[in-house]
Every structure is written in C-alpha cells, then in structure tokens.
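Take a look at the structure below.
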Amino acid sequence: MRVLGIESSCDETGAAVVDEGGRVLSDVVESQIDTHAPYGGVIPELASRDHLRNLGPVVHEALARAGVTLADLDGIAVTNRPGLVGALLVGVQAAKGLAWATGLPLVGVDHLVGHLLAVFLRRAETSPEPPRFPFVALLASGGHTAIYRVDGPRAADVRELGATRDDAAGEAFDKVAKLLGLGYPGGPVIDRLARQGNASAVPLTLPMAHARSFEMSFSGIKTQVAALVRERPPSGEQELRDVAASFQAAVTSVLAKKLVAAARAEGVTTVVLGGGVAANSELRERTTRLAAEHGIRAVLPELASCTDNAAMIAYAGVARLRAGERDGWDLVATSTTSLPRTTRKGRGAR
Ligand code: KG4
Ligand code: ZN
C-alpha cells in the first residue's frame, strides 16, 4: 500500500509518499519560516496564501521523488484538524480534488495522531526499530503539549494522561527566544545556544514541576524570563547561552520526568517522543537516560520526522485505510483536535 499524505495545518506545506511499512518514499516540506519571521509568529492569512501557491508543486515533487504517479497510489491522506482553518482548507480541498479525479479513497488525519505515529517512519535502513503498542508518548509541539497512552494507530486508540494547562512547550521556546531577541522559531536557536551555556546560572522554575499529576504549565517560565530581561538584560553571548541553558534544562527535565512517570503509572515499557520539541537534543538525551534508569525503552523519531511533515500524515492515513476507514466529500477542516481533552486550561488545584 502506498499513500500520498498532504499537510498544511500551519506554516509548512508538505506532501509525502509512504508505504504500509512506514518507509518514506518521498517527503517534501516547503517551509514558510521566511514569510512569517519578520512578524515573530505565524500570520494565518499569509500562511493560507503560501499554501495555495506551493501545494501543487510540492505534490508534484513528492510524486516525482517517490518515482510514482497518482495511478500507483492506494489512497490520499490529508491533515484536516487541528490547525489554522484557512491553512487546513487548502490541503483538504486539494486532497478532495485529487481523490475525486483519481477515484482513490480519501482519509482525513488528525495532525496530533500524525505526530504520535512519526516514530514509525523509516527514512533509512538505519532507522530505529519502531515501537510496539501500547506505549506512552509525549507530544510537544508549537501548539500542543500532552502525554498520551497509545494503544493503537488510530485516534480512538489514544488517551490523554495529562496536558499543559496553558502554553505549549514549543510556544514557550518561541516566546523566550523572542524575549531574548533570537528570532523565530525559537526552539532550534535555544537548543544550539544552550549547549555552551551554564544551566545553573539562572534560577528558573516551572510551575507544577513536582506535582504528581501529568499536567504541565509553561507560561510561568516565560514570565520569569520576561522579568529577568526587564531587570537585567543579558549582556553578551555567554549570558544569553546561560539563560537558554537554564530555560531548556527546566523545561526538558519536567517533560522527561513526567513522561517516564506516566509510563510507570501505566505499566508500559516503551516511551515515545513526537512533535517539533522532540527534535530538542537535551530532551532526547534526558528521555533516553531516564527511561533506561527505569528499564523503559525510549524510541525517538528521526529529526526530520519531529517537526511538521506530510510523511507522518501519510502513515496515519495508512492505518486508517488498513482499518477499512475512509471519508466522504463532507470531510471538513476543523481548528480543534479529535482527541478528547481531560486537562482543563487555567490555574487551580486538581
Ligand atoms: O511540530 P511542529 O513543527 O509544529 C506544530 O505542530 O506546532 O513544532 C514546532 C515547534 C516550534 O515551537 C519550535 O520552536 C519547536 O517545535 N522546535 C524545537 C526544536 N525544533 C523545533 N524546540 C526545541 N528544540 C528544538 N530543537
Ligand atoms: Zn505539528
């Protein structure tokens, strides 16, 4: 089975061809970072227009690189939620057009399920052995941060164990980078700077870090960094590195700790990372180390599978198609995820 995946939920236009074994035959991502960088964040209207311009060429490129034509495919998968509705619509309409013209089955994919399954993608012979179900996964991206128990490859198999009550972890990286004048997106820059910083230089603490629950909070640390910058702006490269290292250590230690604790509470012996923040080198190291200390296997997606891509959407589409599922022409773009949320937003003891 070979499936074309299409992704346009935020600021990457993606198309990919993936087979049922998760082998990535092609994966084309056209990033809009340069379009949005001057604004310090994603401008929805500009995102839609860019998707519209880029999607056709990106799909052509994905088919060409995979060495296939539409006639060689078994289905078309498209992200239809969650995301910017105007951006999602571009992908959904293109996928419907292709499905209508070819007669291929169409399946909508929840972007978050795509991130949770990214670890199954195989980009090379050296790709890590994929995990077995059930596993406990941390999904940490620019829009979402939650820990899930994953019993199978479809949305109905995913149960939230705890999520952030406010900002997403990637959002905290982006906002802190902006406060420090490091540009957008912040994650990769902070990751790089932190490597040469002293993580105990600046006392930063995360709310709910020691709570026994798997809920998290990332907005407080951004406020701490804002206060710090206001009182005494970091002067010189080394002080910037120290703030970056202190911030990153605080965030990644909580993420790794809660993930491993959740797996132990569930009696599950595999943990998985997903989402853009899963590309963070310190999070990857901490997760691997802490999991090993508890006899748990940590499976990490390859770097190209962490940030937004269409290969993970195609693979989630494979799972739906294999289960005999397909969507009709009434498939709509929706801003929210289909995964039930158990964590409420906001403060207070729970
Ligand atoms: O999954 P993704 O590409 O898009 C969403 O679905 O949100 O995640 C993007 C987020 C951004 O907030 C970006 O700063 C963060 O992932 N990110 C990182 C790293 N690379 C990307 N955060 C920390 N360290 C990184 N190396
Ligand atoms: Zn994403």
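First listed ligand is number 1; within each ligand, the first listed atom is number 1.
- Among the atoms of H111, some N or O lies under 3.5 angstrom from an N or O of ligand 1.
- Within a 6.0 Å radius of CZ in R297, other residues, nucleotides and ligands contribute more than 12 heavy atoms.
- Taking backbone and side chain together, C10 holds no N, O or S atom under 2.8 Å from the Zn ion (ligand 2).
- Close contacts of ligand 1 with A279, meaning ligand atoms under 4.0 Å from a residue heavy atom, involve 26 (N).
- For atom 20 (N) of ligand 1, the closest non-hydrogen atom of the protein is G276 O, 3.5 Å.
- Of the residues listed (D167, D166, D174), the one engaging K222 in a salt bridge (charged side-chain N to carboxylate O under 4.0 Å, His left out) is D167, and it is the only one.
- Remark: R159 engages E266 in a salt bridge, criterion side-chain N to carboxylate O under 4.0 Å.
- The environment of NZ in K257 is crowded: more than 12 heavy-atom neighbours from other residues, nucleotides or ligands sit within 6.0 Å.
- No other N/O/S atom of D308 lies as close to the Zn ion (ligand 2) as OD1 does.
- Counting only heavy atoms of the protein, atom 7 (O) of ligand 1 lies nearest to G142 N, 2.8 Å.
- H115 lies close to the Zn ion (ligand 2), since one of its N, O or S atoms is found at a distance under 2.8 Å.
- Among protein heavy atoms, the minimum distance from atom 26 (N) of ligand 1 is reached at D191 OD2, 2.9 Å.
- For atom 12 (O) of ligand 1, the nearest non-hydrogen atom of the protein is D174 OD2, 2.7 Å.
- A salt bridge between D27 and R123 is present, with a side-chain N of the basic residue lying under 4.0 Å from a carboxylate O of the acidic one.
- Every heavy atom of C10 sits 4.0 Å or more from the atoms of ligand 1.
- Taking a cut-off of under 4.0 Å to the non-hydrogen atoms of G143, the atoms of ligand 1 that pass are 7 (O).
- Under a 4.0 Å N-O distance rule, the pair R65/E61 qualifies as a salt bridge.
- When heavy-atom distances to ligand 1 are checked against a 4.0 Å cut-off, E12 has no atom that comes that close, whether in backbone or side chain.
- Nearest protein neighbour of atom 3 (O) of ligand 1, counting heavy atoms only, is D308 N, 2.9 Å.
- Both the backbone and the side chain of T307 come within 4.0 Å of ligand 1, counting heavy atoms alone.
- For the 3.5 Å distance criterion, the side chains of N198 and S200 qualify, holding a donor opposite an acceptor.
- For a threshold of 3.5 Å applied to N or O pairs, the pair formed by G187 and ligand 1 contains at least one separation below that value.
- In this structure, H111 and H115 have perpendicular ring planes: the angle between them is above 60°, well past the 30° mark.
- Of the N or O atoms in G170, one or more lie within a sub-3.5 Å distance of an N or O in ligand 1.
- When non-hydrogen atoms are compared, ligand 1 lies under 4.0 Å from the backbone of N280 as well as from its side chain.
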**OP:** Any chance you could lay out the ring-ring contact (aromatic ring centres under 6.0 Å, His included) test for F247 and F173, step after step, and finish with the verdict?
**Re:** CA-CA 9 Å; F247 163 79; F173 271 92; 5.0 Å; yes
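- At a heavy-atom cutoff of 4.0 Å, ligand 1 is contacted by the side chain of H115 but not by its backbone.
- Shown here is R264, whose CZ atom has no more than 12 heavy atoms of other residues, nucleotides or ligands within 6.0 Å.
- Of the N and O atoms on the side chains of D50 and T35, at least one donor lies less than 3.5 Å from an acceptor on the other residue.
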